[in-house]
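Numbered from 1 within each chain, the chains take letters A, B, ... in sequence-line order. These figures come from a predicted structure and were not determined experimentally.
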Amino acid sequence: MSVATSYEFLDKVIHATPDGEEIRKCLQCGTCSGVCPYGFAMEYPPRSLIAALRADDFHGVLESDTIWLCVSCFACASVCPVKIPLTRGLLATLKTEMLVGGSIPQELQTALGNSRRYGNSLGESPRKRADWTKDFTVPVPVLAAHKKPVDVLWFVGDYGSYHPRVQQVTRALAKLLFVLDVKFGILGAEENSDGDTQAFTGEWGLFELLARKNTQAMLKYQFAEILTADPHAFNALKHEYPRLGLDRPVKHYAQFLTEHFERLRPLLQNRGPQRVTYHDPCYLGRANDNNLYEEPRQLLRAIPGLDLVEMSHNRALSICCGGGGGGMWLDGFSWEKAHARTTEWRVKEALAAGAQVLAVACPYETPRFEDAVKSTGNEGKLKVKDIVELLVEAVFG
Amino acid sequence: MDIVVLCKFVPDLVEDLEIDASTHLLDRNFLRLMPNELDDHALEEALLLKERHGGTVTVVTVDAGDVDEALYTAAAKGADRVVKIVGEGLDQGLSSQRLAALFAQAAGEWPHDLILTGTQAVDDLDGFAGALVAARLGMPYVGYVTKVASENGAVVARKEYPGGLNADIEIVGQAVLGIQSAEKPPRYVVTSKVMAAMKSVTIEEFEAGDAQADLELPITGMAVPQSAAHAEMIVGSVTEVAEKLAKLLRERGLVA
Ligand code: SF4
Ligand code: SF4
């Protein structure tokens, strides 16, 4: 049942995270709302939300649907002077209340329904999850058939498995693993969505369902560590799956490849593009203090001839691509409410920094930024490449 | 108002369909089943009626595919009773005739002022099932319904006709309604509520018995439709494209 009062809701918020109690210390300074990329269009950005709860106006909060603009980017949580866990606590909990109350945009409902039925938000056939490996030069063992222990279990993720553009990134990473002689395997049809983004839309029950399936599938096999190209999967596998019994180290490729840096660097023989800028994904950086800011940059700088330039918002101040927290599945809604796309701001920042290439490290980002390059009329002026694609070009030419 | 909602599982088109050459039927080894989308709309309309006017909603389905989960989901959304028709071979694909025979037999067991079902399904594009249930039960049938209202004790169903026409049809007594779309998109129910329903709700079982189809036509062949003509891409500058498009529309008599 939907909670009735502000106090009952606050109680849920407080219990959602270990530091939940901190919300009582809110200074009403407004830093959170100020840094929020969609704060300008939200009826209740974090500061106002807390004020409304203090005034016992939870009813008013539930009347508004602009919480669905929240892309769970952790910008507010990372700047809050009293370290209130806003994104994982306050905002995700409010989304749960919205879901329970049935206030959910149709496009989000479709993605959540797909995740529940098919184990992927795109609504693709679960059987076809490993189809990207067909007619591909690099052998990619599927663990159910492989029957041998591997060093690395590669969690490919929904977009990496199914989205045509992101499949190119997936294949690039497979090539790198191959040249580095990594013994790896994938779950194939046994893999489900990591559930991280579903969780940040407030659908924690769905997250648990997906996470349990993945954990059970993974623990059937022998492997030493988990690798993923998806910061959202990385975040969930690292911070949420352990309570479901997953007990292996989890690495985003940015970490994994820097650990193999001494073997990778001599392979980078071909000159890369001259001026490249890098977009820090929220879930590698700010989220849960993952703080993976330097590893991606180290990889990029290792490409011969590559000059890394910075956008005005970088590292912990990076602006979300708009795909987190369900934003990936709410583009229509967000446009209708805010008439703004954060990806377009980023494309303009990248061009202002003089970049020819916008390098990314998250599967949401390649398609989102490529769309923004087109929608801002900058086609041909800026390329969008995942870091692993740039590395593969440097290895193979 | 007491409502029975009839739901069935249909082939999920997310998987490639294969035809079994020996039976001329879909190869069921590779089939994935999903709840019929329009039955979901029928359930939504039933729940909206219950919320407005009280009464009960009973969901009846045939045991094929992941029915238990679908029934728990229906219960989590607000259905009062959930029933599955059990028996041999029900998951092997049923003709609309046989399905209607089973549904008619079962539906009568639960209180029903109205019986709602999806007006069509991917395996019943002609929309026979609902009408056949009505015929068996001797009730009137209204298909392609987009809204059901209850005013002063009378039920009014809005039926959609081709060409943007609608009719409000007043119903006297019990009836079967084929729902084309609910007034609102079917609601989402959070997974935790479905899980809770799994623990607290009992699925009632109804033995299929010997209800047979009145008429069972043998299927002599089945084939994947071949695409005959492909779309024509109009290329050129904006002005050229606009001119070609205008010419085409005029030629086809779509604009004067
Ligand atoms: S930044 Fe923190 S302290 Fe300041 S208004 Fe936001 S939640 Fe309150
Ligand atoms: S998580 Fe990001 S989008 Fe959501 S309220 Fe905080 S700053 Fe805004």
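- Within 6.0 Å of CD on B:E51 lie more than 12 heavy atoms contributed by other residues, nucleotides or ligands.
- Within a 6.0 Å sphere centred on CZ of B:F30, other residues, nucleotides and ligands contribute 12 heavy atoms or fewer.
- Taking 4.0 Å as the cut-off between side-chain N and carboxylate O, B:D16 and A:R127 do not count as a salt-bridged pair.
- Using a 4.5 Å cut-off between heavy atoms, A:L99 contacts chain B through both its backbone and its side chain.
- Side-chain contact check for B:R32 versus A:P126: some heavy-atom pair is nearer than 4.5 Å.
- No side-chain heavy atom of A:L108 sits under 4.5 Å from any side-chain heavy atom of B:Y188.
- Inter-residue side-chain proximity for A:R117 and B:V14 is flagged as unmet; no heavy-atom pair is nearer than 4.5 Å.
- Nearest heavy atoms, A:L209 versus B:M195: CD1-CE, 2.9 Å.
- The number of heavy-atom neighbours closer than 6.0 Å to NZ of B:K184, taken from other residues, nucleotides and ligands shown, is 12 or below.
- Put simply, the side chain of A:E208 never gets that close to the backbone of B:S192: no donor and acceptor are under 3.5 Å apart.
- Closest heavy-atom contact between B:V189 and A:R116: O-NH1, 3.0 Å.
- Between B:P185 and A:Q106, the shortest heavy-atom contact is CB-OE1, 3.1 Å.
- With chain A as the partner, the residue from B:V194, B:D12, B:T191, B:V190 showing the most heavy-atom pairs under 4.5 Å is B:T191.
- Residue A:Y118 qualifies as enclosed at atom OH: its count of foreign heavy atoms under 6.0 Å is above 12.
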